[in-house]
Amino acid sequence: MRWTGRPPLLVILGATATGKTGLALQLAERLNGEIVGADSRQIYRGMDIGTAKPDAEQRARVAHHLIDIADPDENPGLAVIQNLANAAIADIQRRGRLPLLVGGTGQYLSAIVEGWRIPEVPPNESLRRELENFALSHGREALHRRLADVDPVTAARTHPNNLRRLVRSLEVWHETGQAISELQQRHPPPWSVLHVGLQLERSDLYARADRRLEAMIEAGFVNEVRLLLEAGYSRDLPSMSGLGYRQLTAHLLDGLPLPEAIDAAKAATHDFIRRQLTWFRGHHADIRWLDAASLETDTIATDVQRWLAQI
RNA sequence: GCCAGGGUAGCUCAGCUGGUAGAGUACCUCACUGAAAAUGAGGGUGUCCCCGGUUCGAGUCCGGGCCCUGGCA
């Protein structure tokens, strides 16, 4: 494949359970492509069923990147993900192939495509605990005032209850002496990007997600969570906070009846779908939306080829 | 058929001696720069079963009807 201008990136996004994985596979096969995951849960080894991770057969058909890159007790963080994705995309382009950035994690998609400059301050767990303890004893308002003293801009746009954001902002200040608001910039990479989004009516999105969860349960989701817990992965790890994982942990450890855990997981998934859609609305204005219920892969592939020819 | 209880938000239900309604959950909206499937903020979305009556005013009181549940036949 050759292109005269900027190297191409095809982005496939959409709410969870819309069929991104299947479409990406078919397009990658037709268009000489490789898939770069933009999914914050498929990065974890051992979390397969509940994350709807592409299986071995699918990954043998098309090369996948950014999947199974961490153990469940690790927490790579946005900057690491962004660097890995950038490297993978550049490498695929260099080899004359088409990178497909595929996933539903809005923050990852935006950070990669918009080129967020992320403050180079890795998470400092002990500092985070210290700040959280301060909030516990003095109140979140007090922590918010501490941030307002050093970084009024960020303080003004962070709700005092959002402890996680407060802690991160103070962490950046503590490590760099600079306000996080001044370190946040954007440097979009020199790519030609086409956004394709998979869309469905809200009630269909919920129904599909519910059905998929039921299928996951039948495929052994509960046992997957049990194995993770038995392997020593604590319930308060970020990786264990995912949809289904959290609720099934409550089932296994707290005796929450399975049907109730499943219902709670469904509701959490609906909530997540809403937040995904909010993100896509706000961050990606130029998405080419497709009806996920009637995908015509050949037509889409032709459209993408036409796009590739004119960039 | 008779007796008793009940029909209020999508669901389960609260609503004191009459002043056009609330809770949990579901649902909807929004923010988001190294935890993001995370975290946080906001929102009531309603023929109070129907018809009539009393009253300045009815979810609430009265009459009639319809439906649901249990018991007795």
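A note on names: the letters A, B, ... follow the listed sequences, proteins ahead of strands, and every chain is numbered from 1.
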Subject >> Rounded C1' spacing from B:C48 to B:U8 in Å >> reply: 4 Å
Subject >> Pairwise C1' distance, B:G52 and B:A58 [rounded to whole Å] >> reply: 13 Å
Original post:
Which listed nucleotide (B:C27, B:A36, B:U33) is nearest to the side chain of A:Ala267?
Top reply: B:C27
Subject >> Proximal nucleotide (of B:A31, B:U33, B:U29) relative to the A:Arg281 side chain >> reply: B:U29
Original post:
Roughly how far apart, to the nearest Å, are B:G22 and B:C16 at atom C1'?
Top reply: 14 Å
Original post:
How would you label the contact of A:Asp39 with the nucleic acid (heavy atoms, under 4.0 Å): base, sugar-phosphate, or nothing?
Top reply: base
**OP:** Assign A:Glu114 to base, sugar-phosphate, or nothing according to its heavy-atom contacts below 4.0 angstrom with the strands shown.
**Re:** nothing
**OP:** Could you check if a side-chain atom of A:Trp191 sits within less than 4.5 angstrom of a side-chain atom of A:Gln93, using non-hydrogen atoms only?
**Re:** yes
Extract all donor-acceptor atom pairs below 3.5 Å that involve side chains of residues 139-149 of chain A and protein atoms in other chains or at least two apart in sequence.
| from | atom 1 | to | atom 2 | distance (Å) |
| --- | --- | --- | --- | --- |
| A:Arg140 | NH1 | A:Asn161 | O | 2.6 |
| A:His144 | NE2 | A:Ala155 | O | 2.9 |
| A:His144 | NE2 | A:Thr158 | O | 2.9 |

Original post:
Cluster question for you: counting only ILVMFWY and a side-chain heavy-atom cut-off of under 4.5 Å, with indirect links fine, are A:Leu78 and A:Leu237 together?
Top reply: yes
Original post:
Tell me: CZ of A:Arg202 to P of B:G10, nearest whole Å?
Top reply: 18 Å
Original post:
In residues 128-150 of chain A, which ones come under 4.0 Å of RNA chain B, going by heavy atoms?
Top reply: A:Arg128, A:Glu132
Original post:
To the nearest Å, how far apart are A:Asp271 CG and B:G43 P?
Top reply: 16 Å
**OP:** Give A:Pro160 one of three labels, base, sugar-phosphate or nothing, depending on what nucleic acid heavy atoms sit under 4.0 Å from its own.
**Re:** nothing
**OP:** Map A:Gln185 and A:Gly104 onto RNA chain B by nearest heavy atom, then report which one ends up closer to the 5' terminus.
**Re:** A:Gln185
**OP:** Please name the residue in the list A:Gln276, A:Arg275, A:His283 that meets the side chain to side chain contact (heavy atoms under 4.5 Å, CB included) test with A:Trp279.
**Re:** A:His283
**OP:** Side chain of A:Thr278 only, please: which of B:G34, B:C30, B:G40 is the nearest?
**Re:** B:C30
Subject >> Check: A:Tyr44 main-chain N/O paired with A:Lys53 side-chain donor or acceptor under 3.5 Å >> reply: yes
**OP:** Indicate whether any N or O donor in one side chain lies under 3.5 Å from an N or O acceptor in the other, for A:Glu34 and A:His64.
**Re:** no
**OP:** Using a cut-off of strictly less than 4.0 Å between a heavy atom of the residue and any atom of RNA chain B, enumerate the qualifying residues of residues 167-176 of chain A by number.
**Re:** A:Arg168
**OP:** Figure out the CG/P separation between A:Leu166 and B:A31, and round it to whole Å.
**Re:** 19 Å
**OP:** Please measure how far the C1' atom in B:G71 lies from the corresponding atom in B:A9, and state the result in whole Å.
**Re:** 32 Å
Original post:
For A:Thr176, which residues count as a side-chain hydrogen bond (donor to acceptor under 3.5 Å, both in side chains) partner, sequence neighbours excluded?
Top reply: none
**OP:** Write down the distance between CD (A:Gln276) and C1' (B:A31), rounded to a whole number of angstrom.
**Re:** 16 Å
Subject >> Close residues, residues 42-58 of chain A, relative to RNA chain B [heavy-atom separation under 4.0 Å] >> reply: A:Gly50, A:Thr51
Original post:
Do A:Arg165 and A:Thr154 meet the criterion of a side-chain donor-acceptor pair at a distance under 3.5 Å?
Top reply: no
Original post:
What's the closest nucleotide to the A:Asn161 side chain, out of B:U39, B:G34, B:A41?
Top reply: B:A41
Original post:
For A:His174, which residues count as a ring-ring contact (aromatic ring centres under 6.0 Å, His included) partner, sequence neighbours excluded?
Top reply: none
Original post:
How would you list, by chain and number, every residue that makes a side-chain contact (heavy atoms from CB on, under 4.5 Å) with A:Ala250, sequence neighbours excluded?
Top reply: A:Arg235, A:Asp254, A:Leu256
Subject >> Neighbours of RNA chain B within residues 240-266 of chain A, by heavy-atom distance under 4.0 Å >> reply: A:Ser241, A:Gly242, A:Leu243, A:Arg246
Original post:
So which of residues 221-231 of chain A are in contact with RNA chain B, with a heavy-atom cut-off of under 4.0 Å?
Top reply: none
**OP:** Please report, rounded to the nearest Å, how far the C1' atom of B:C32 is from the CZ atom of A:Arg186.
**Re:** 11 Å
Subject >> Between B:C61 and B:G19 - P atom distance, rounded Å >> reply: 11 Å
Subject >> Expected output: side-chain A:Gln26 to main-chain A:Leu23 donor-acceptor under 3.5 Å >> reply: no
Original post:
Quick one: do A:Arg61 and A:Glu57 make a salt bridge, cutoff under 4.0 Å?
Top reply: yes
**OP:** Take atom NE2 of A:His270 and atom C1' of B:U25, then tell me their distance rounded to the nearest Å.
**Re:** 14 Å
Original post:
With rounding to whole Å, what would you report as the distance between B:C62 and B:G6 at their P atoms?
Top reply: 13 Å
Original post:
Considering residues at least two apart in sequence or located in another chain, which fulfil the salt bridge (charged side-chain N to carboxylate O under 4.0 Å, His left out) criterion with A:Glu114?
Top reply: A:Arg186
Original post:
Roughly, in whole Å, what's the span from CG in A:Leu237 to P in B:A36?
Top reply: 12 Å
Original post:
Quick one: A:Leu163 CG to B:C32 P, roughly how many Å, whole number?
Top reply: 19 Å
**OP:** With side-chain contact (heavy atoms from CB on, under 4.5 Å) as the test, would you mind laying out the steps for A:Asp303 and A:Arg288 before giving the verdict?
**Re:** CA-CA 11 Å; A:Asp303 286 349; A:Arg288 199 174 292 182; 4.2 Å; yes
Subject >> Closest to side chain of A:His159, choosing from B:C30, B:A41, B:G34 >> reply: B:A41
**OP:** Check side-chain hydrogen bond (donor to acceptor under 3.5 Å, both in side chains) between A:Tyr245 and all other residues, then give those that pass, not counting sequence neighbours.
**Re:** A:Glu224
Original post:
What distance, rounded to whole Å, do you find between the two C1' atoms, one in B:C13 and one in B:A26?
Top reply: 14 Å
Original post:
side chain to side chain contact (heavy atoms under 4.5 Å, CB included) with A:Val113: which of A:Leu13, A:Ile89, A:Leu9?
Top reply: A:Leu9
Original post:
Taking the P atom of each, how far is B:G59 from B:C50, in whole Å?
Top reply: 10 Å
**OP:** For atom CD of A:Glu201, decide whether the heavy atoms of other residues, nucleotides or ligands shown that lie under 6.0 angstrom number more than 12.
**Re:** no
**OP:** Give a yes-or-no answer on whether the side chains of A:Thr51 and A:Gln42 include a donor-acceptor pair shorter than 3.5 Å.
**Re:** no
Subject >> Shortest side-chain distance from A:Trp279, nucleotide among B:A36, B:C27, B:G40 >> reply: B:A36
**OP:** With sequence neighbours left out, write down each residue that passes side-chain hydrogen bond (donor to acceptor under 3.5 Å, both in side chains) with A:Glu175, or none if nothing qualifies.
**Re:** A:Asn124
